[in-house]
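I have placed the structure first, in the form of structure tokens, so that the comments after it can refer back to it.
Here is the naming used below: chain letters follow the sequence lines, and residue numbers restart at 1 for every chain.
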Protein chains: 2
Amino acid sequence: MGSKSRSGKAQPRLVDVAEQAGVSLATASRALAGRNGVSAEVAAHVRDIAATIGYVANPHARSLAGGAASVAGLLVFEIGDPYFSEIASGVIGTAAEHGWSVQISHTERRPASEAAQLRLMRASRVGAIIVAGSGYVDPAMEAAIARELDAFQESGGRAVVIGQHQVRADAVLPDNCAAAVEVAAHLIRLGHRHLAVVAGPEHLRTVADRLKGIRTALSRHGLDPDSLPVLHASFTREGGERATLEMLDARPETTAILALNDAMATGVLSALRRRGQAVPRDISVTGFDDIQVAQDLAPALTTARLPMSAMGSTAFELALLPRAQRPRRRRTDHELVVRDSTAPPR
Amino acid sequence: MGSKSRSGKAQPRLVDVAEQAGVSLATASRALAGRNGVSAEVAAHVRDIAATIGYVANPHARSLAGGAASVAGLLVFEIGDPYFSEIASGVIGTAAEHGWSVQISHTERRPASEAAQLRLMRASRVGAIIVAGSGYVDPAMEAAIARELDAFQESGGRAVVIGQHQVRADAVLPDNCAAAVEVAAHLIRLGHRHLAVVAGPEHLRTVADRLKGIRTALSRHGLDPDSLPVLHASFTREGGERATLEMLDARPETTAILALNDAMATGVLSALRRRGQAVPRDISVTGFDDIQVAQDLAPALTTARLPMSAMGSTAFELALLPRAQRPRRRRTDHELVVRDSTAPPR
DNA sequence: TACGCTGCTGAAAGCGCTTACCGGAAGCGC
DNA sequence: GCGCTTCCGGTAAGCGCTTTCAGCAGCGTA
């Protein structure tokens, strides 16, 4: 066996490969990296040996020595939220195909911790960072993120954001505004005149964009966008529930509630049930995102589908592309999915 | 400013801290690691400087040099599945509290890739591995996993499995069998005599344990456990749907369907809806796990709750504990949550 | 036959950190 | 006031890899 095998089953090192292949460390490294300067036969032989003894490079050593990174950082609001876990699934799957691993952090919806998390990721020398939260309306908060991302990219890292951000980085862009237009237009076409919005936190760019889309649709159909009732709450089931109860009291004339994501829509449906309001007979409800369970709610939720998993894949692919002069932007498609939670008003 | 600052905003290194603090590299290292051999004042001063210039250790260098690791690997079947994303949320949150980051891989439900993923994690020198899939019934498959985990632990890593496994490692153990007994007993007490099971893949230990629990309950109540109809399918909504359609045709006398997880239960409900069967009037349905959406299905799902997020937290905490002589086992609690999907048979 | 090329391969430095190991300065008893 | 211990802090080796720089064949050309 290998001359100096240690105690148990220590991981084989590059020198073990080199030794067994009868070449130097440098040659072995080059052969495995697929760089030229090594004859084809030697390269093949080295790769053979490596496979045989089960050699896998130590990523820490590789990174330290300035080699290509193969760990990506993914930052989300809350990994337990289906919206984000579906994105994560896309990122992880695609990353694995390319031999990368993915390190996930979540901010638990605390905007203040976002820049800090990014700092940590940067410090941990990941090769790429994918930010999958939402942009912020407040320029100062965006600036904090931009600072981290800029520094990261200056030191050679690749950054990709999912969603509208005020930063220099490649981006995967769902058209929240256009999708919201479709949702609102659908309701208006059904005959609704008293829409109300159950929205996520006001500071989120995603929320602002979706709201804008709804107002645009209102204007286009001759309705007053300024009188649209909007209640902000946490972007969760509980947020949706609370906001809905409040809304029902304040605006009893409402015939359609637009929740700005499916998690909130779930809460809306729950609140409506508790108040004895039938959906869609008494009130229509729409969501946003089309998370897996949207189809299984009662009634099945009409919502704007965003291709979360594909967005994750695309984000990772962007991260892998050679650095471009200007940030790349990839728009994602969206689709109004009409199910059973919307109907003409009574 | 720092004497030899590089091009842009390179990450500060330990030598920068040492230089500014006027101490040697070794002292700085010791001070930050909180090891003794450094006077309190010097240590405080070094920490001050480090905080000021925003120093964060390079984990690659730290790992290479044999320092304490701070990256944990988490292996799940599918991160997009709420069961696993809730576990991941627990792991990531607790890890972050301890300054660890988490690297996630998923097998996309391919058992064969599990050992391979573990190999990769091992090769990437994570400090701890948490396996959150399920054990396998087949000893050979367990052996493949055990091999990786053993090698990992021999080289100093900490391994924790969530669920029953035939491996030497600390474990977080939901009592699938006991929980299943409760679910089945609940149905039997309601008066059901024709139970049927919509089960996940036969090779999963989780499935076997839950089945065993159901059979136990049957016996205890004087029913024949051997005549229990069981259909195996994928552990997903689609699997549940397909199995249910088949079950309805083969066993029209069935009055209660036990799905072995909530995802499958979702499919069961969907299939029943398509077939015009009312739940729970015509057929009762139960799930397992109590993922977030279980309460929002129509009807709200009766299920056995497992504390997924807490299981993730506990798993990480076990990984952090000093190595024990014998593997530690931490049982988790479970709870029958009765909602609206179960009722006495007609 | 001798020369300059080209194409491969090897030796060695160094990435940022931890950790023996060692030397110097106090503090103590005598 | 001397030698001892104790405590601190510094020096340097080395983790496993990539990469620069040199060197050495083997070839074609004069």
Please report the distance, rounded to the nearest Å, between CZ in Arg13(A) and P in dG16(D). 5 Å

So which nucleotide from dT11(D), dG16(C), dC17(C) ends up closest to the side chain of Leu64(A)? dG16(C)

Check whether Gln103(A) reaches the backbone of Met121(A) with its side chain - one donor and one acceptor, N or O, closer than 3.5 Å. no

Considering just the side-chain nitrogens and oxygens of Ser39(B), establish if one lies under 4.0 Å of OP1 or OP2 belonging to dC7(D). no

Rounded to the nearest Å, what distance is computed from the CD1 atom of residue Ile53(B) to the P atom of nucleotide dG16(C)? 13 Å

Would you say that more than 12 heavy atoms from the other residues, nucleotides or ligands in this model lie under 6.0 Å from the CZ of Arg323(B), or not? yes

What integer distance in Å separates Asn58(B):CG from dG16(D):C1'? 14 Å

Atom CD of Glu19(A) to atom P of dT9(C): distance rounded to whole Å? 18 Å

Could you check Ala40(B) against Ala65(B) and say which one's nearest nucleotide on DNA chain D is further toward the 5' end? Ala40(B)

Using heavy atoms to find the nearest nucleotide of DNA chain D for Gly37(B) and Ala26(B) separately, return the residue whose nucleotide is more 5′. Gly37(B)

Just how far, in rounded Å, is P of dT19(D) from CG of Leu32(A)? 13 Å

Closer than 4.0 Å, any side-chain N/O of Thr27(B) to the OP1 or OP2 of dG9(D)? no

Please classify the nucleic acid contact of Ala57(A) as base, sugar-phosphate, or nothing, using heavy-atom distances under 4.0 Å. sugar-phosphate

If you compare every side-chain N and O of Ser29(A) against the phosphate oxygens of dT19(D) (OP1, OP2), does one of them come in below 4.0 Å? no

Value in whole Å for how far the P atom of dG7(C) lies from CZ of Arg35(A): 16 Å

Atom-pair distance (CZ on Arg30(A); C1' on dT20(D)), nearest Å: 10 Å

Give the minimum heavy-atom separation between Ala21(B) and Ile49(B), together with the two atoms involved. CB-CG1, 4.0 Å

Are any side-chain N or O atoms of Arg158(B) and backbone N or O atoms of Ile129(B), one a donor and one an acceptor, separated by less than 3.5 Å? no

Considering only heavy side-chain atoms of Ala61(B), the closest of dA12(C), dC17(D), dC17(C) is dC17(C)

Value in whole Å for how far the C1' atom of dC17(C) lies from CZ of Arg125(A): 11 Å

Of all the heavy-atom pairs spanning Leu32(B) and Tyr55(B), show the shortest one and how long it is. CD1-CE2, 3.6 Å

